[in-house]
Amino acid sequence: MTTGDRPAVPLVPVVEDDAAVRDSLSLLLRAAGYASVGFASAEALLAGLPAEARCLIADVRMPGGLDGVAMVEALRRRGVSLPVILVSGHGDIPLAVRAMKAGAVDFIEKPYEDTAILGAVAAALRGLPPAPEAEAARQIALLSPREREVLIGLVAGKPNKTIAHELGISPRTVEVHRAHVMDKLGVRSLSAAVRTALMAGLGD
Amino acid sequence: MVRIRAEDAFPPSVSLAASLAASAGNAQAGISAVGAPTSGRVGASFRLHLIGILLAALVPACLVAGFAVHQEVNAFRTEWRRGLEGSARSLGLTLNAAIDARIGLAATLAAMAANGSGPPVFDSRLRDVAARLGTAVFAYGPPPAIAPLVNTNQPSGFPLPLAELGRGPTEAVARVFGEAGPQVGDIWPGTSPSGWVGAAFAPVFRNDEVAAAIAVGIDMPVLQHLLQGHQLRPGSVAMLVDGVGRIVARSEGLLLGIGEAMPDWIRPNLPAEMLPARSLAVSRPAGIEAPDVTGVHVAVAPAKGMPAADGGGLAPQMVAVAQLARAPGWLLVICQPPAGYAAAFSRPALPLAAAAVCSLGVGAWLALLLARRCLRPIAVLTTRAAAIAAGRLPDPEQPSSEVREFTLLSMSLTAAQAALECQAAAAQQGLDLLQSVIDGTPDAMLVQGPDGRVVVANAAADRAFALPRGGLVGRYPPALLPPDLAVQIAAHDAGIRCDGGPVTRDYRTGPPGHRQLLVTKAALPGPEPGPEPGPKSGPKSGQVAGIITLIQDVTAQRRTEAELRRAEGEMQRLGRRATAGAMASGLAHELNQPLTAATNYLRAAERLLDTETSPERLPVLREAVRAAAEQTLRAGEIIRRLRDFVTRRDIAPVLEPLAAVIGEGVRLGLGPLHPSGLLFRSEMPADLREVMVDRLAVQQVLVNLLRNAVEAMQGHDRQELIVSAALREEDGQRLLDIRVADTGPGLSREVLDRLFEPFVSTKPDGMGVGLAICRRIAESQGGTITVAAGKERGAVFTLSLPLPDATAAGRSA
């Protein structure tokens, strides 16, 4: 807001219906050296998207209007290829899959560490994917066949029990496989594992 | 009279037997085996009636015959008396004539003497007359000497014997002088060989004074001949007696001699005026002028005996007496012995009586013959009818009878028997059907009679009492139960007898089994009060004829109900947890917001502290820390709400801002599910700010309704969700309506009806508890929850809550 004239400072708009979250995230971005502007809804952003915006942070769930995923899709339809980081307080796998498929560069669950969101912003601004597809494919290749199957089940949004039933193994074993998958992919959250799998083309 | 009602639980043969037995009366057939009471009086038997008919016919006949015989006998008796009387009269006349002739002769002689000369001439004339007549002539001088002047029985010129004064002719001479008229004197013992002498006297007048009395002897043999010449009935005797009762003449059969006294028993049987009242010493005052027999009297004298030749015996005598007019005091007596008298009327009467008796006998025999022909078929018919009445259907034989009516009656009875058999078969078929239906019911059913004993019981009832089939009939059910249960059942029965019921009670049997029984008892009403009086011993109208009992074993049912209740409680708990879980999910999302904001603020502050410490940054830092604290408190507030919701208590309605309550509910309900493309709208009335509601109740229902709506609309093009509130008034009660309208597929008719029942769900994996819980919550607030189809599509759920009057105060513009 105060750094509009200096291109050295990238503008990262925040789309969030909750005023406190919006203000605090803007403050955090400014403290990290970015410029930030807040929008209360997706419609507001689409109406007045600043041209100098380099990256977007948007909440997935925004009652009364378009949600974050729909906003990403709307931007893509306009030909805006701005990297979008989606944030959700209710991070479940189907939503993450939807977000990644829509074209979001990252999907972060609330509450998040400042390093996580700032790192995602930095990565987006660098134009790099958070995890390159080749790296993702290499990591997926480390998985055993059973672990791959478990990961495919997870990407499809199936609960552990269903996966265990389909694979003919116990749910406890599924959990063990799942832990190994997280370990081998070097991710801490399930949404990150899903993101890696999607990059490697596993969920298509 | 024979009534067979289809609803009668008793076999029709019983009531039939009762009525037939009543009509059959005292027929000797064994109707008493049925034990049915007879009604009314039985009446006399047919046999007795026949005897009555016979008597009614015979008694008048006997009376007529008896009367005829009596008349006949009377006629004979009268004729007999007339004959006797005529006999006496004619004989009396004859004798009177004979005596009258002598009186005339005496009077002639007296006239001659008055005109004539002295005694010698007179004496010789008298002797001539006496000689010519063959009788004695006497003349006597005046009293008191009464000197004999002439006696033709004595030689002329001889001194005449003096007559004894007061005896013999002197009494009659005294009467002649006294009365100056002719007289007949009583007989006296004469000197002649003929014995007793009787005479007729006449006065001799000289210078108009009686100078002497001429007496002419009565020809006693002539009188005797006259008497004996008269034809008398056999056995009869006749006698002529003088004024003192001496016999003057007699018939042949009489054993008394002339001059002897008449039997003493005759005199009391004569009338007073006929009695020879004149004694020899007393003179008669006046002469008798009547020329005839003055009177005849016939009387039956008692058994004093009659000295008759045929030994008349001591039997009663019939006596006829005739007075002689010319001889006052003289009587003709004819006695008839009883044998002849009886024979006189018994001869015609006896055959008459014999004929009557014979005809009576023949009539009686004929009557008996005909009566037997009637009585025998009646006995047969009565026995058959009684047998039919008793239910023992005899062979339909046709006993022939010579009486046409009986034959017809027998044929009718056979037809009636066939009809009865047909009817009984039909009734039995109906009963069998009824019995099979009763037996087919799984519940035990039994009917008790007035004495409490079982009359009808089905197979289930036998099983319930652990008895073989049919074993319950005739037993008293409480006697088969344990004591405590028996007391309860007996009290139940007594209550039914008092007020009729039906009354249903729960019973729990003891070990083993611990069955729970639902026993319904109802009274069978007595017969309707009708014009014909019912049997005496039967139940009177209005009384209880019996008790019908239905026993349902509800052990399994009760267990299921208890399990259902438990399941419902469990479901409610689960539902609460499910709702709470859903809300917790929503709350977790909401909690993320302040937590994220707080983290952002603090991290930003941290970074600011690391990079810049210029004093102009301090307000920004302070603002960041204050905002972080604020967000932390916000998170705490959210947690408090969650705790309130989960540990929900019964909270009295308080004045709440309606928009805030609904808004919070919407946030809780939509939190995790806010799909893209969902259009949400909230319509709140402007004039309704604060209402008296239980906030949590409203929110709990809203959360459920919103979740359902969102889930129902998932995958549909048009997703509109409208929450609205409105105030209305119904029956003076103010109601708050909160509506949740969606544009989902709506609900089918059958689901609409049952939607609020537990476990009814349209969701593939739904439990069907949410709406049931909503309804319970609404009802706990005194409200309702309803569902209707939406205007275009979808469903509209309406929560209606009553508002206390206090709400009016909170409703401000």
Side chains of [X] and [Y] in contact at under 4.5 Å (non-hydrogen atoms):
X: A:Glu109; Y: B:Asn592; answer: no
X: B:Gln593; Y: A:Asp17; answer: yes
X: A:Asp23; Y: B:Asn600; answer: no

Shortest non-hydrogen pair, B:Ala604 vs A:Ala31, comes out as O-CB, 3.6 Å
How long is the gap from [atom1] on [X] to [atom2] on [Y], to the nearest 0.5 Å?
X: B:Thr596; Y: A:Glu16; atom1: OG1; atom2: CD; result: 8.0 Å
X: B:Arg634; Y: A:Asp18; atom1: CZ; atom2: CG; result: 4.0 Å
X: B:Leu595; Y: A:Tyr112; atom1: CG; atom2: OH; result: 11.5 Å
X: A:Leu27; Y: B:Glu623; atom1: CG; atom2: CD; result: 9.0 Å
X: B:Tyr601; Y: A:Leu28; atom1: OH; atom2: CG; result: 11.0 Å
X: A:Lys110; Y: B:Thr599; atom1: NZ; atom2: OG1; result: 11.0 Å

Whatever's closer than 4.5 Å to a heavy atom in chain A on B:Ala627 counts as neither
Applying a strict 4.5 Å limit to non-hydrogen atoms, the region of A:Leu29 in contact with chain B is neither
Just checking B:Arg622: does its CZ atom have more than 12 heavy atoms from other residues, nucleotides or ligands closer to it than 6.0 angstrom?
no
Does the pair B:Gln631 and A:Val21 meet the rule for a side-chain contact (heavy atoms from CB on, under 4.5 Å), with working shown?
CA-CA 9 Å; B:Gln631 291 304 309; A:Val21 175; 5.8 Å; no
